[in-house]
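Position 1 is the first residue of the sequence, and the numbers go up from there. From a predicted model like this one, the values you see are computed outputs, not experimental measurements.
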Amino acid sequence: MCALVLTASCSALSGSNPSPSTVAPNVGLEKPTLKVGAIAGSSSAVLYIAEDKGFFNQAGLNVQIVTTSNGGQALSQLEGGALDITLANDVSGITAKIKGQPLKLVFDGPSSAPNTFVISALPGSGITKLADIKNKKIGVSSLKDGITATLKQSLAAVNVDPNSVHFITVPYAQSETALKSHSVDATVTSEPYTTEAAQALGARPVVDLFPQGSAEANIPNAGYFSTDKFVQSDPKTLAAFQKAMARAAAATNNRNTVEQAVHRHLPSLSQQVLDVMALPGFPPDLDPARIQRVADLMQKAGYINQHFDVRQILAPFSGLNG
(Lines give C-alpha, C1' and ligand atoms only; values in the text may rest on other atoms or scores of the structure.)
Protein backbone atom coordinates (compact mmCIF):
# COMPACT_ATOMS: atom_id res chain seq x y z
CA MET A 1 0.00 0.00 0.00
CA CYS A 2 1.37 3.42 -0.88
CA ALA A 3 1.93 5.79 1.99
CA LEU A 4 -0.83 8.37 2.14
CA VAL A 5 -0.92 11.52 4.21
CA LEU A 6 -4.32 12.07 5.79
CA THR A 7 -4.22 15.62 7.06
CA ALA A 8 -6.73 17.52 9.09
CA SER A 9 -8.62 18.26 5.87
CA CYS A 10 -10.34 14.89 6.31
CA SER A 11 -11.88 16.16 9.50
CA ALA A 12 -12.55 19.62 8.17
CA LEU A 13 -14.83 18.16 5.52
CA SER A 14 -16.87 16.49 8.21
CA GLY A 15 -17.14 19.66 10.27
CA SER A 16 -15.64 17.95 13.30
CA ASN A 17 -12.54 20.12 13.80
CA PRO A 18 -12.68 22.61 16.65
CA SER A 19 -13.05 26.29 15.87
CA PRO A 20 -9.90 28.40 16.27
CA SER A 21 -11.19 29.63 19.64
CA THR A 22 -10.98 26.08 21.04
CA VAL A 23 -7.38 25.59 19.96
CA ALA A 24 -4.96 25.93 22.86
CA PRO A 25 -2.76 29.05 22.82
CA ASN A 26 0.99 28.77 23.05
CA VAL A 27 1.43 26.23 25.85
CA GLY A 28 5.19 25.97 25.59
CA LEU A 29 5.33 22.70 23.65
CA GLU A 30 8.77 21.91 22.29
CA LYS A 31 7.39 20.50 19.01
CA PRO A 32 3.73 21.36 18.42
CA THR A 33 3.59 19.83 14.91
CA LEU A 34 3.83 16.03 14.81
CA LYS A 35 3.69 13.43 12.05
CA VAL A 36 2.06 10.30 13.44
CA GLY A 37 1.94 6.96 11.61
CA ALA A 38 -1.32 5.03 11.45
CA ILE A 39 -2.55 1.69 10.12
CA ALA A 40 -5.65 2.12 7.97
CA GLY A 41 -8.50 0.51 9.87
CA SER A 42 -10.18 0.31 13.24
CA SER A 43 -6.76 -0.19 14.91
CA SER A 44 -6.14 3.54 14.53
CA ALA A 45 -9.53 4.63 15.89
CA VAL A 46 -8.10 6.37 18.96
CA LEU A 47 -5.76 8.45 16.81
CA TYR A 48 -8.60 9.32 14.45
CA ILE A 49 -10.87 10.35 17.33
CA ALA A 50 -8.20 12.53 18.93
CA GLU A 51 -7.81 14.35 15.61
CA ASP A 52 -11.48 14.60 14.68
CA LYS A 53 -12.74 15.64 18.11
CA GLY A 54 -10.12 18.36 18.37
CA PHE A 55 -8.34 16.84 21.35
CA PHE A 56 -4.94 17.38 19.73
CA ASN A 57 -5.74 20.99 18.84
CA GLN A 58 -6.96 21.67 22.35
CA ALA A 59 -3.65 20.35 23.69
CA GLY A 60 -1.74 22.74 21.40
CA LEU A 61 -0.79 20.07 18.88
CA ASN A 62 -1.03 20.01 15.10
CA VAL A 63 -1.01 16.31 14.19
CA GLN A 64 -0.60 15.07 10.64
CA ILE A 65 -1.66 11.45 10.22
CA VAL A 66 0.42 9.35 7.83
CA THR A 67 -0.86 5.92 6.80
CA THR A 68 1.77 3.14 6.78
CA SER A 69 1.44 -0.41 5.47
CA ASN A 70 3.04 -2.35 8.34
CA GLY A 71 5.02 -2.03 11.55
CA GLY A 72 8.41 -2.65 9.97
CA GLN A 73 7.95 0.14 7.46
CA ALA A 74 6.61 2.46 10.14
CA LEU A 75 9.54 1.89 12.48
CA SER A 76 11.98 2.51 9.63
CA GLN A 77 10.23 5.81 8.90
CA LEU A 78 10.41 6.67 12.59
CA GLU A 79 14.14 5.92 12.71
CA GLY A 80 14.72 7.98 9.57
CA GLY A 81 12.89 10.99 10.97
CA ALA A 82 9.90 10.89 8.60
CA LEU A 83 7.60 10.22 11.58
CA ASP A 84 7.66 11.51 15.14
CA ILE A 85 5.40 8.78 16.56
CA THR A 86 3.91 5.72 14.91
CA LEU A 87 1.51 2.88 15.52
CA ALA A 88 3.33 -0.42 14.99
CA ASN A 89 2.89 -3.97 16.19
CA ASP A 90 4.41 -4.53 19.61
CA VAL A 91 6.54 -7.48 18.50
CA SER A 92 8.29 -5.38 15.84
CA GLY A 93 8.85 -2.60 18.35
CA ILE A 94 10.28 -4.82 21.07
CA THR A 95 12.44 -6.68 18.55
CA ALA A 96 13.82 -3.41 17.20
CA LYS A 97 14.54 -2.23 20.76
CA ILE A 98 16.45 -5.42 21.56
CA LYS A 99 18.47 -4.97 18.35
CA GLY A 100 19.51 -1.51 19.47
CA GLN A 101 17.00 0.88 17.89
CA PRO A 102 16.43 3.67 20.46
CA LEU A 103 12.67 3.26 20.88
CA LYS A 104 10.09 4.06 23.50
CA LEU A 105 6.47 2.95 23.68
CA VAL A 106 4.54 6.15 24.43
CA PHE A 107 0.90 4.98 24.32
CA ASP A 108 -0.76 1.59 24.20
CA GLY A 109 -2.60 0.59 21.05
CA PRO A 110 -5.46 -1.79 20.30
CA SER A 111 -5.77 -5.06 22.18
CA SER A 112 -7.13 -8.27 20.69
CA ALA A 113 -10.81 -8.97 21.28
CA PRO A 114 -13.04 -11.78 19.97
CA ASN A 115 -13.28 -11.81 16.16
CA THR A 116 -10.81 -8.96 15.69
CA PHE A 117 -8.27 -11.30 14.09
CA VAL A 118 -9.60 -14.33 12.24
CA ILE A 119 -8.56 -16.72 9.50
CA SER A 120 -10.83 -16.01 6.54
CA ALA A 121 -11.32 -18.49 3.69
CA LEU A 122 -13.50 -18.74 0.61
CA PRO A 123 -16.36 -21.29 0.65
CA GLY A 124 -14.66 -23.54 -1.89
CA SER A 125 -11.29 -23.60 -0.17
CA GLY A 126 -11.92 -26.78 1.81
CA ILE A 127 -10.75 -24.96 4.94
CA THR A 128 -13.33 -25.26 7.69
CA LYS A 129 -11.16 -25.61 10.80
CA LEU A 130 -7.68 -24.72 11.98
CA ALA A 131 -6.08 -28.08 11.15
CA ASP A 132 -7.13 -27.66 7.50
CA ILE A 133 -4.47 -25.00 6.88
CA LYS A 134 -1.70 -27.62 7.02
CA ASN A 135 0.37 -27.42 3.81
CA LYS A 136 -1.67 -24.39 2.70
CA LYS A 137 -0.64 -20.85 1.74
CA ILE A 138 -1.82 -18.55 4.49
CA GLY A 139 -1.60 -14.77 4.45
CA VAL A 140 -0.38 -12.93 7.55
CA SER A 141 0.28 -9.22 8.00
CA SER A 142 3.72 -9.94 9.44
CA LEU A 143 5.79 -13.09 9.63
CA LYS A 144 6.77 -12.09 13.17
CA ASP A 145 4.11 -10.45 15.28
CA GLY A 146 1.82 -11.41 18.14
CA ILE A 147 -0.91 -12.52 15.74
CA THR A 148 1.35 -14.97 13.89
CA ALA A 149 2.88 -16.19 17.16
CA THR A 150 -0.61 -16.93 18.51
CA LEU A 151 -1.56 -18.68 15.28
CA LYS A 152 1.51 -20.92 15.47
CA GLN A 153 0.77 -21.84 19.06
CA SER A 154 -2.82 -22.63 18.12
CA LEU A 155 -1.57 -24.93 15.36
CA ALA A 156 0.71 -26.77 17.74
CA ALA A 157 -2.24 -27.22 20.11
CA VAL A 158 -4.13 -29.15 17.40
CA ASN A 159 -1.02 -31.22 16.49
CA VAL A 160 -0.20 -29.35 13.29
CA ASP A 161 3.45 -28.44 12.76
CA PRO A 162 3.53 -24.66 12.13
CA ASN A 163 6.41 -25.24 9.72
CA SER A 164 4.01 -27.16 7.47
CA VAL A 165 2.12 -23.93 6.75
CA HIS A 166 3.37 -21.62 4.01
CA PHE A 167 3.05 -18.13 5.47
CA ILE A 168 2.92 -15.24 2.99
CA THR A 169 2.90 -11.55 3.89
CA VAL A 170 -0.46 -9.98 3.06
CA PRO A 171 -1.30 -6.52 4.50
CA TYR A 172 -4.76 -6.53 6.04
CA ALA A 173 -6.00 -3.96 3.53
CA GLN A 174 -5.14 -6.42 0.72
CA SER A 175 -6.97 -9.40 2.24
CA GLU A 176 -9.86 -9.30 -0.20
CA THR A 177 -7.54 -9.03 -3.22
CA ALA A 178 -5.38 -11.94 -2.03
CA LEU A 179 -8.39 -14.19 -1.53
CA LYS A 180 -9.98 -13.21 -4.83
CA SER A 181 -6.78 -13.84 -6.81
CA HIS A 182 -6.18 -17.16 -4.97
CA SER A 183 -2.63 -16.08 -4.18
CA VAL A 184 -3.40 -17.54 -0.74
CA ASP A 185 -5.71 -20.32 0.38
CA ALA A 186 -6.79 -18.31 3.40
CA THR A 187 -5.58 -15.20 5.18
CA VAL A 188 -5.57 -13.67 8.62
CA THR A 189 -7.86 -10.65 8.45
CA SER A 190 -8.69 -7.78 10.76
CA GLU A 191 -11.54 -5.32 10.70
CA PRO A 192 -12.95 -3.77 8.65
CA TYR A 193 -11.38 -6.05 6.05
CA THR A 194 -12.86 -9.25 7.53
CA THR A 195 -16.37 -7.92 7.05
CA GLU A 196 -15.59 -6.46 3.62
CA ALA A 197 -14.23 -9.79 2.35
CA ALA A 198 -17.28 -11.58 3.74
CA GLN A 199 -19.69 -9.23 1.99
CA ALA A 200 -17.80 -9.02 -1.31
CA LEU A 201 -16.60 -12.62 -1.70
CA GLY A 202 -18.58 -14.68 0.77
CA ALA A 203 -15.36 -15.31 2.69
CA ARG A 204 -16.10 -16.74 6.10
CA PRO A 205 -14.14 -16.58 9.34
CA VAL A 206 -12.89 -20.10 10.01
CA VAL A 207 -10.92 -19.50 13.20
CA ASP A 208 -11.06 -16.74 15.80
CA LEU A 209 -7.47 -16.35 17.01
CA PHE A 210 -8.39 -14.52 20.23
CA PRO A 211 -11.65 -15.96 21.57
CA GLN A 212 -12.84 -14.86 24.98
CA GLY A 213 -11.23 -16.95 27.70
CA SER A 214 -8.23 -17.99 25.59
CA ALA A 215 -4.69 -17.66 26.93
CA GLU A 216 -3.96 -14.64 24.72
CA ALA A 217 -7.37 -12.93 24.96
CA ASN A 218 -7.17 -9.13 25.27
CA ILE A 219 -3.40 -9.08 24.69
CA PRO A 220 -2.03 -5.85 23.14
CA ASN A 221 -1.12 -6.19 19.49
CA ALA A 222 0.17 -2.72 18.66
CA GLY A 223 1.30 0.48 20.30
CA TYR A 224 2.48 4.01 19.57
CA PHE A 225 6.27 4.20 19.44
CA SER A 226 8.67 7.11 19.34
CA THR A 227 12.41 7.61 19.74
CA ASP A 228 14.43 8.02 22.91
CA LYS A 229 15.45 11.45 21.61
CA PHE A 230 11.84 12.64 21.29
CA VAL A 231 10.90 11.37 24.75
CA GLN A 232 13.93 13.06 26.34
CA SER A 233 13.88 16.32 24.36
CA ASP A 234 10.12 16.94 24.08
CA PRO A 235 8.51 15.95 27.40
CA LYS A 236 5.76 18.59 27.25
CA THR A 237 4.85 17.56 23.70
CA LEU A 238 4.81 13.92 24.73
CA ALA A 239 2.55 14.64 27.70
CA ALA A 240 0.16 16.63 25.49
CA PHE A 241 -0.02 13.76 22.99
CA GLN A 242 -0.65 11.18 25.71
CA LYS A 243 -3.40 13.23 27.37
CA ALA A 244 -5.18 13.81 24.05
CA MET A 245 -4.95 10.11 23.22
CA ALA A 246 -6.23 9.14 26.68
CA ARG A 247 -9.26 11.37 26.14
CA ALA A 248 -9.86 9.73 22.78
CA ALA A 249 -9.48 6.21 24.20
CA ALA A 250 -12.10 7.03 26.83
CA ALA A 251 -14.43 8.13 24.03
CA THR A 252 -14.26 4.68 22.39
CA ASN A 253 -16.78 3.46 24.97
CA ASN A 254 -19.31 4.88 22.52
CA ARG A 255 -19.28 2.59 19.47
CA ASN A 256 -20.89 5.28 17.37
CA THR A 257 -17.89 7.53 18.00
CA VAL A 258 -15.53 4.81 16.76
CA GLU A 259 -17.60 4.13 13.65
CA GLN A 260 -17.76 7.82 12.74
CA ALA A 261 -14.01 8.30 13.17
CA VAL A 262 -13.11 5.23 11.12
CA HIS A 263 -15.55 6.26 8.41
CA ARG A 264 -14.13 9.79 8.16
CA HIS A 265 -10.67 8.41 7.47
CA LEU A 266 -11.82 5.42 5.40
CA PRO A 267 -14.84 6.90 3.58
CA SER A 268 -15.17 3.95 1.19
CA LEU A 269 -16.47 1.76 4.02
CA SER A 270 -20.20 1.15 3.92
CA GLN A 271 -22.35 1.80 6.96
CA GLN A 272 -23.27 -1.89 6.91
CA VAL A 273 -19.61 -2.85 7.38
CA LEU A 274 -19.14 -0.26 10.10
CA ASP A 275 -22.19 -1.47 12.01
CA VAL A 276 -21.14 -5.13 12.24
CA MET A 277 -17.34 -5.09 12.34
CA ALA A 278 -15.71 -6.41 15.49
CA LEU A 279 -13.77 -3.82 17.46
CA PRO A 280 -10.58 -4.27 19.49
CA GLY A 281 -10.07 -2.92 22.99
CA PHE A 282 -8.60 0.56 23.35
CA PRO A 283 -6.67 0.95 26.64
CA PRO A 284 -6.21 4.56 27.81
CA ASP A 285 -2.79 4.09 29.40
CA LEU A 286 0.55 2.25 29.49
CA ASP A 287 0.07 -0.67 31.88
CA PRO A 288 3.40 -2.55 32.24
CA ALA A 289 1.68 -5.78 33.32
CA ARG A 290 -0.52 -5.81 30.25
CA ILE A 291 2.29 -5.03 27.82
CA GLN A 292 4.58 -7.58 29.50
CA ARG A 293 2.26 -10.27 28.13
CA VAL A 294 3.56 -9.47 24.65
CA ALA A 295 7.22 -9.93 25.59
CA ASP A 296 6.36 -13.16 27.40
CA LEU A 297 4.54 -14.41 24.29
CA MET A 298 7.58 -13.54 22.19
CA GLN A 299 9.83 -15.61 24.45
CA LYS A 300 7.38 -18.50 24.38
CA ALA A 301 7.21 -18.34 20.58
CA GLY A 302 11.01 -18.28 20.25
CA TYR A 303 11.17 -14.74 18.87
CA ILE A 304 13.52 -13.79 21.72
CA ASN A 305 15.83 -16.03 23.73
CA GLN A 306 15.38 -14.58 27.19
CA HIS A 307 13.03 -12.57 29.36
CA PHE A 308 12.57 -8.95 28.31
CA ASP A 309 11.34 -6.48 30.92
CA VAL A 310 9.05 -4.09 29.03
CA ARG A 311 9.75 -1.31 31.50
CA GLN A 312 12.91 -0.79 29.43
CA ILE A 313 10.82 0.45 26.53
CA LEU A 314 8.02 2.34 28.29
CA ALA A 315 8.08 6.14 28.19
CA PRO A 316 6.98 8.24 31.19
CA PHE A 317 3.19 8.46 31.05
CA SER A 318 0.92 11.47 31.52
CA GLY A 319 -2.69 10.37 31.14
CA LEU A 320 -5.90 12.21 31.90
CA ASN A 321 -4.84 12.67 35.51
CA GLY A 322 -1.15 13.16 34.82
Side-chain angles (χ1 to χ4, degrees), residues 1-18 22-24 29 31-89 92-93 105-110 141 171-173 190-193 221-227 230 234 237-252 257-269 274 279-280 282 284:
M1 181 192 304
C2 296
L4 171 67
V5 177
L6 298 173
T7 65
S9 61
C10 297
S11 301
L13 292 174
S14 68
S16 61
N17 267 352
T22 65
V23 177
L29 301 186
K31 189 173 185 178
T33 298
L34 298 176
K35 291 184 178 180
V36 181
I39 299 169
S42 59
S43 294
S44 298
V46 172
L47 183 64
Y48 296 157
I49 291 169
E51 170 65 16
D52 296 346
K53 293 289 187 183
F55 297 158
F56 287 137
N57 294 65
Q58 292 161 22
L61 290 169
N62 172 32
V63 170
Q64 300 173 352
I65 300 176
V66 181
T67 299
T68 63
S69 63
N70 58 56
Q73 180 205 51
L75 293 175
S76 294
Q77 289 179 275
L78 183 69
E79 186 175 30
L83 296 172
D84 299 295
I85 298 170
T86 191
L87 182 64
N89 77 72
S92 291
L105 182 60
V106 301
F107 195 82
D108 205 355
S141 176
Y172 295 125
S190 69
E191 294 288 16
Y193 307 108
N221 58 70
Y224 290 86
F225 293 87
S226 190
T227 62
F230 175 82
D234 305 284
T237 304
L238 172 62
F241 176 82
Q242 291 172 330
K243 290 177 180 179
M245 291 289 283
R247 288 181 68 189
T252 63
T257 298
V258 178
E259 289 186 19
Q260 289 176 0
V262 173
H263 193 220
R264 285 190 189 102
H265 292 265
L266 297 172
S268 63
L269 293 180
L274 291 164
L279 294 178
F282 298 107

Problem set entry | Phe56 and Met245, any side-chain heavy atoms less than 4.5 Å apart | yes

Problem set entry | Approximate separation, where rounding is to 0.5 Å, of Leu87 CG and Asn221 CG | 8.5 Å

Exercise. What are the two closest heavy atoms between Ala45 and Phe282, and how far apart are they?
Worked result: CB-CZ, 3.8 Å

Exercise. How far does CZ of Phe241 sit from CG of Leu34, to the nearest 0.5 angstrom?
Worked result: 7.5 Å

Problem set entry | Rounded distance (nearest 0.5 Å) linking atom OG of Ser42 with atom CD of Glu259 | 11.0 Å

Problem set entry | Pairwise distance NZ(Lys53) to CD(Gln260) - rounded to 0.5 angstrom | 6.0 Å

Problem set entry | Distance in Å, Tyr172 OH paired with Glu191 CD, rounded so as to fall on 0.5 Å steps | 12.0 Å

For this session: For Ser44 and Ile39, indicate whether the former's side chain and the latter's backbone hold a donor-acceptor pair under 3.5 Å.
Result: yes

Exercise. Under the salt bridge (Lys or Arg N to Asp or Glu O under 4.0 Å) rule, what pairs show up with a residue in residues 73-87, not counting sequence neighbours?
Worked result: Lys31-Asp84

Exercise. What's the shortest heavy-atom distance between Ala261 and Asp52, and which atoms?
Worked result: CA-OD2, 3.8 Å

Seminar exercise, completed: Closest non-hydrogen atoms of Gly37 and Leu47, given as atom of the first, atom of the second and distance, are O-CD2, 4.1 Å

For this session: Check whether any side-chain N or O of Thr86 sits under 3.5 Å from a backbone N or O of Val36 as a donor-acceptor pair, and report yes or no.
Result: no

Problem set entry | Approximate separation, where rounding is to 0.5 Å, of Phe230 CZ and Phe225 CZ | 14.5 Å

Problem set entry | Ala40 backbone acceptor or donor facing His265 side chain under 3.5 Å | no

For this session: May I ask you to test the Tyr48-Thr257 pair for a side-chain heavy-atom distance under 4.5 Å?
Result: no

